[in-house]
Amino acid sequence: MKRVKRGPRFYLTLGAAVLAVAGLVTVLVVRSFAMVTVGPAEARKRAAADAAPGRVDCARVKCIALTFDGVPGERTGAVMDLLAQYRAVGTFFLEGRDVAANAEVVRRITREGHEIGDHTWNHPRLTEIGDDRVREELDRTADAIEEVTGRRPTLMRPPEGRTDDRVSRISRELGMAQVLWTVTAKDYATDDSGLIAKRVLEGAARDGIVLLHPLHAGTVPALPAVLESLAGQGYTFVTVGELLAPGTAEPGVIYK
């Protein structure tokens, strides 16, 4: 059998081809972990053709999701009292460190039809800590919520909305979708309940996700005006999960 002699040009070409393939694989791997942001309407479109809408069909009804970040406590109960008055539901992104100490409040959240998401254990900026710490912050909180409610959260909100490709990858590994927001009242910067309500109402829109923090003094007093005005404008209050239905939140993906 005659052996074919290959010259330097052949090996240079082969080497270039191998590097090109390796580069393509690297790009595909990086892209597979890249941040992907999806709006509620797009999430609904991605649902299987035979998927049935949930309690509310937000493709037909003007929906908005109120979300509340922070530790569960006395003001969480006040928020739920107001939501009950307006027959509204919300999504509570809880910090894990006080979940066990406020177990009855946490159980009430699920009992009254609200949704619970993971807001880490100690509220660090996830983009500024290592991989193991990110996993611990999310996993530890999910464990605490599951221990109290029997349900493990599938939604998480990164503190301050700070996320990146790495946080998205870890969230996907943990089976959690990320939820940001379309409007914030910046209630962490003011106790003026009138201003908080004004900011929410000016930013409200169909398929919106509103960010509020019950622990701040002006937030709970602002809620009656927010709820009454939005209800008067024909909005239906839904959880984040209901806003996406019949689609389901995909782990690692960012929804806003």
Donor-acceptor check, side chain of Glu42 to backbone of Gly39, threshold 3.5 angstrom: yes or no?
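No, the answer is negative, given that no donor and acceptor are paired below the 3.5 Å cut-off.
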Spatial distance of atom [atom1] ([X]) from atom [atom2] ([Y]) [nearest 0.5 Å]:
| X | Y | atom1 | atom2 | value |
| --- | --- | --- | --- | --- |
| Thr182 | Asp207 | OG1 | CG | 9.0 Å |
| Thr239 | His114 | OG1 | NE2 | 10.5 Å |
| Phe92 | Ile116 | CZ | CD1 | 8.5 Å |
| Thr120 | Leu138 | OG1 | CG | 7.0 Å |
| Met80 | Ile109 | CE | CD1 | 5.0 Å |

Going by side-chain contact (heavy atoms from CB on, under 4.5 Å), name the residues that satisfy it together with Arg107, two or more places apart in sequence or in a different chain.
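Scan of Arg107 (side-chain contact (heavy atoms from CB on, under 4.5 Å), adjacent residues dropped) gives Ala103, Glu104, Arg111, Val148.
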Of all residues at least two apart in sequence or in a different chain, which pass the side-chain contact (heavy atoms from CB on, under 4.5 Å) check with Leu195?
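Checked Leu195 against side-chain contact (heavy atoms from CB on, under 4.5 Å); matches are Thr190, Asp192, Arg199.
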Check against side-chain hydrogen bond (donor to acceptor under 3.5 Å, both in side chains), Thr141 and Glu137
CA-CA 6 Å; Thr141 300; Glu137 286 283 336; 5.5 Å; no
For atom NZ of Lys45, decide whether the heavy atoms of other residues, nucleotides or ligands shown that lie under 6.0 angstrom number more than 12.
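Count not over threshold, so no.
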What is the minimum heavy-atom distance between [X] and [Y], and which atoms define it?
| X | Y | answer |
| --- | --- | --- |
| Ala43 | Tyr255 | CB-CE2, 3.9 Å |
| Val220 | Arg75 | CG2-O, 4.2 Å |
| Gln233 | Leu201 | NE2-CD2, 4.4 Å |

Taking the side chain as every heavy atom from C-beta outward, state whether Tyr188 and Asp69 have any atom pair closer than 4.5 Å.
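Answer no - side chains too far apart.
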State, yes or no, whether a side-chain contact exists between Asp143 and Arg152 at a heavy-atom distance under 4.5 Å.
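Asp143 reaches Arg152 side chain to side chain.
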Are Phe237 and Ile209 connected in a single hydrophobic cluster, I mean Ile/Leu/Val/Met/Phe/Trp/Tyr linked by side-chain heavy atoms less than 4.5 Å apart?
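Different clusters.
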Could you name each residue pair satisfying side chain to side chain donor-acceptor pair (under 3.5 Å) that touches residues 76-88, not counting sequence neighbours?
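Output for this query lists Asp81-Arg108.
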Apply side-chain hydrogen bond (donor to acceptor under 3.5 Å, both in side chains) to residues Thr67 and Arg157 and explain how you reach the verdict.
CA-CA 10 Å; Thr67 67; Arg157 173 166 283 160; 2.8 Å; yes
salt_bridge(Asp118, Arg140) N-O dist < 4.0 Å
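No.
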